[in-house]
Amino acid sequence: MFANSIEIAKGYTRCMKSIMRGYGSNEITRCCSTFIIVNDEGWVLTCKHIVEGLLIPADTINPQYMNFKQERSQISALPNGKQKKAIEVLEKKYGYSKSAAPTVQLLNMILHDIDMSKGYRCYIHPSYDLALIKFEGLNHTQCNNFPIFMDDTSHLRQGLSLCRLGFPFAEFTDYQYNAQTDNLEWIGGGIATSPCFPVDGILTRFVNDEKGVKFGIELSTPGLIGQSGGPLFDRNGVVCGLQFETVSIPLGFDQVNQEIVVNRKKKKVSNYPFMHLGRCIHVDIIKQFMNENNVKYQVG
């Protein structure tokens with residue numbers, strides 16, 4: 001049902017790769033996030049929690065650690081007896097400790113057609129998990145297919161089959177920790193991409209905020225971690241929303257110390273089942289936000 005619409009969505013859906021490490025550790029954590037390229041002017045849609053949790057922090061975390069390393073290098077000239085105390089004072093100044101292991105390096109890269117080094121501006125929605133980013137470094141030769149946002153949303157009804165696309169599986173390996181420079185870095189080898197992954201489901205409910213404003217669309221299946229920021233679309237490829245969270249609702253079918261037979265042996269097990277439902281920002285909210293920021297987009 002969604003084979004053609006997924007191909008359409010691939011044209012404007014992009015993956016942001018992120019790698020990070022904590023203070024005093026060379027263990028690297030990786031993750032993916034999803035972005036929608038709206039037009040040829042470099043406007044991109046994603047979730048607020050991605051911008052505030054990954055994109056913006058990198059602009060302060062990395063320069064701060066660079067300053068820390070510069071000051072730490074000066075301590076090496078001190079006598080051995082004074083170095084330990086000086087390092088402790090420096091760590092306290094920057095709020096670093098090996099026990100807490102705060103993030104000291106965070107690198108982001110959006111694949112294929114956006115050069116993040118050329119600068120960007122972020123616009124955060126005041127109420128919902130939605131953000132716009134204006135990138136200056138869009139490669140127009142690689143991105144010429146842009147989303148069509150649903151115009152008449154009366155077509156969105158309970159039971160309608162819809163699909164999401166994003167990047168839940170961080171399989172890229174083109175990074176390393178350089179012990180000589182004490183830096184995370186992207187490298188030329190390894191796997192540079194992670195697979196995009198669709199999840200379909202039926203529209204179960206609309207979600208209202210505390211003021212009664214319909215801002216969300218709920219689906220019968222979960223949106224996976226990493227798919228946040230990705231498009232929700234119908235079988236024609238028309239965008240209906242943007243994935244932002246999954247809620248887990250207890251079903252009440254709890255089993256406590258239930259005796260079952262496994263491999264011909266009796267065992268007691270407990271199970272507390274939940275239903276996991278993906279939620280997306282409604283396309284009407286998205287269009288309103290783009291209008292407020294004078295963003296050009298297509299409807300259909």
Side-chain angles (χ1 to χ4, degrees), residues 1-2 4-6 8-9 12-13 33-36 38 43-52 123-132 146-168 197-253 273-293 295 297-300:
M1 178 185 291
F2 293 106
N4 291 334
S5 58
I6 288 170
I8 293 171
Y12 55 78
T13 306
S33 308
T34 307
F35 290 70
I36 300 171
V38 176
W43 284 99
V44 169
L45 277 166
T46 191
C47 288
K48 174 167 62 176
H49 75 259
I50 294 172
V51 172
E52 294 182 338
Y123 302 81
I124 306 297
H125 197 285
S127 303
Y128 308 122
D129 194 354
L130 181 64
L132 278 163
F146 303 106
I148 297 175
F149 295 87
M150 183 171 284
D151 189 15
D152 181 5
T153 55
S154 65
H155 299 298
L156 295 175
R157 296 180 296 167
Q158 196 172 46
L160 181 68
S161 290
L162 300 170
C163 188
R164 287 152 297 188
L165 189 68
F167 298 88
F197 192 85
V199 177
D200 68 335
I202 64 169
L203 195 161
T204 55
R205 299 180 294 185
F206 293 104
V207 185
N208 296 339
D209 64 15
E210 62 278 2
K211 297 180 181 179
V213 177
K214 183 169 65 177
F215 78 94
I217 297 171
E218 184 183 83
L219 296 183
S220 59
T221 54
L224 305 179
I225 295 174
Q227 286 185 320
S228 290
L232 172 72
F233 47 88
D234 65 12
R235 63 180 182 178
N236 297 315
V238 178
V239 174
C240 310
L242 178 144
Q243 170 70 32
F244 77 97
E245 73 170 358
T246 292
V247 296
S248 298
I249 300 175
L251 296 177
F253 304 140
F274 288 78
M275 177 175 284
H276 307 292
L277 304 172
R279 289 184 171 178
C280 303
I281 300 293
H282 196 288
V283 65
D284 285 343
I285 299 294
I286 296 172
K287 290 185 297 184
Q288 181 182 15
F289 189 46
M290 291 192 293
N291 290 336
E292 291 170 353
N293 289 280
V295 177
Y297 61 93
Q298 302 177 72
V299 295

Just so I know, are the side chains of [X] and [Y] near enough to count as touching, which here means a heavy-atom distance under 4.5 Å?
{"X": "L130", "Y": "F215", "result": "no"}
{"X": "F206", "Y": "I217", "result": "yes"}
{"X": "L219", "Y": "L232", "result": "yes"}
{"X": "E292", "Y": "Y123", "result": "no"}
{"X": "L45", "Y": "L132", "result": "yes"}
{"X": "S5", "Y": "D234", "result": "no"}
{"X": "I285", "Y": "H125", "result": "yes"}
{"X": "F274", "Y": "P250", "result": "yes"}

Quick one: are the ring centres of F146 and W43 less than 6.0 Å apart?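 Judged by ring-centre distance (under 6.0 Å), F146 and W43 do not meet the cut-off.
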
Search all heavy atoms of [X] against all heavy atoms of [Y] and return the closest pair with its distance.
{"X": "H282", "Y": "L156", "value": "NE2-CD1, 3.8 Å"}
{"X": "N236", "Y": "I8", "value": "O-CD1, 3.9 Å"}
{"X": "S228", "Y": "I50", "value": "O-CD1, 3.2 Å"}
{"X": "P168", "Y": "Q227", "value": "CD-CG, 3.9 Å"}
{"X": "I36", "Y": "L242", "value": "CD1-CD1, 3.9 Å"}
{"X": "S161", "Y": "M1", "value": "CB-SD, 3.9 Å"}

[Y] backbone acceptor or donor facing [X] side chain under 3.5 Å:
{"X": "T46", "Y": "T34", "value": "yes"}
{"X": "T221", "Y": "D200", "value": "yes"}
{"X": "K287", "Y": "D151", "value": "yes"}
{"X": "N293", "Y": "V295", "value": "no"}

The criterion is side chain to side chain contact (heavy atoms under 4.5 Å, CB included); which residues satisfy it with N208, sequence neighbours excluded?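 Side chain to side chain contact (heavy atoms under 4.5 Å, CB included) check on N208 returns K214.
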
How long is the gap from [atom1] on [X] to [atom2] on [Y], to the nearest 0.5 Å?
{"X": "E218", "Y": "I202", "atom1": "CD", "atom2": "CD1", "answer": "10.5 Å"}
{"X": "R164", "Y": "T13", "atom1": "CZ", "atom2": "OG1", "answer": "13.5 Å"}
{"X": "Y128", "Y": "F244", "atom1": "OH", "atom2": "CZ", "answer": "10.0 Å"}
{"X": "C47", "Y": "F35", "atom1": "SG", "atom2": "CZ", "answer": "9.0 Å"}
{"X": "M275", "Y": "T246", "atom1": "CE", "atom2": "OG1", "answer": "13.0 Å"}
{"X": "S127", "Y": "K48", "atom1": "OG", "atom2": "NZ", "answer": "7.0 Å"}

Could you check D129 against E245 for side chain to side chain contact (heavy atoms under 4.5 Å, CB included), going step by step and ending with a plain yes or no? CA-CA 9 Å; D129 194 354; E245 73 170 358; 5.7 Å; no

Just wondering, more than 12 heavy atoms not from I225 lying within 6.0 Å of its CD1?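 Incorrect, the count does not exceed 12.
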
Just one of V283, L162, L165 clears the side chain to side chain contact (heavy atoms under 4.5 Å, CB included) bar with F233, so which one?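 Of the listed options, the one satisfying the test is L165.
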
Test log, rule side chain to side chain contact (heavy atoms under 4.5 Å, CB included), inputs V239 and Y12: CA-CA 11 Å; V239 174; Y12 55 78; 3.3 Å; yes

For Y297 and N291: C-alpha separation, side-chain torsions, deciding distance, then whether side chain to side chain contact (heavy atoms under 4.5 Å, CB included) applies. CA-CA 9 Å; Y297 61 93; N291 290 336; 2.9 Å; yes

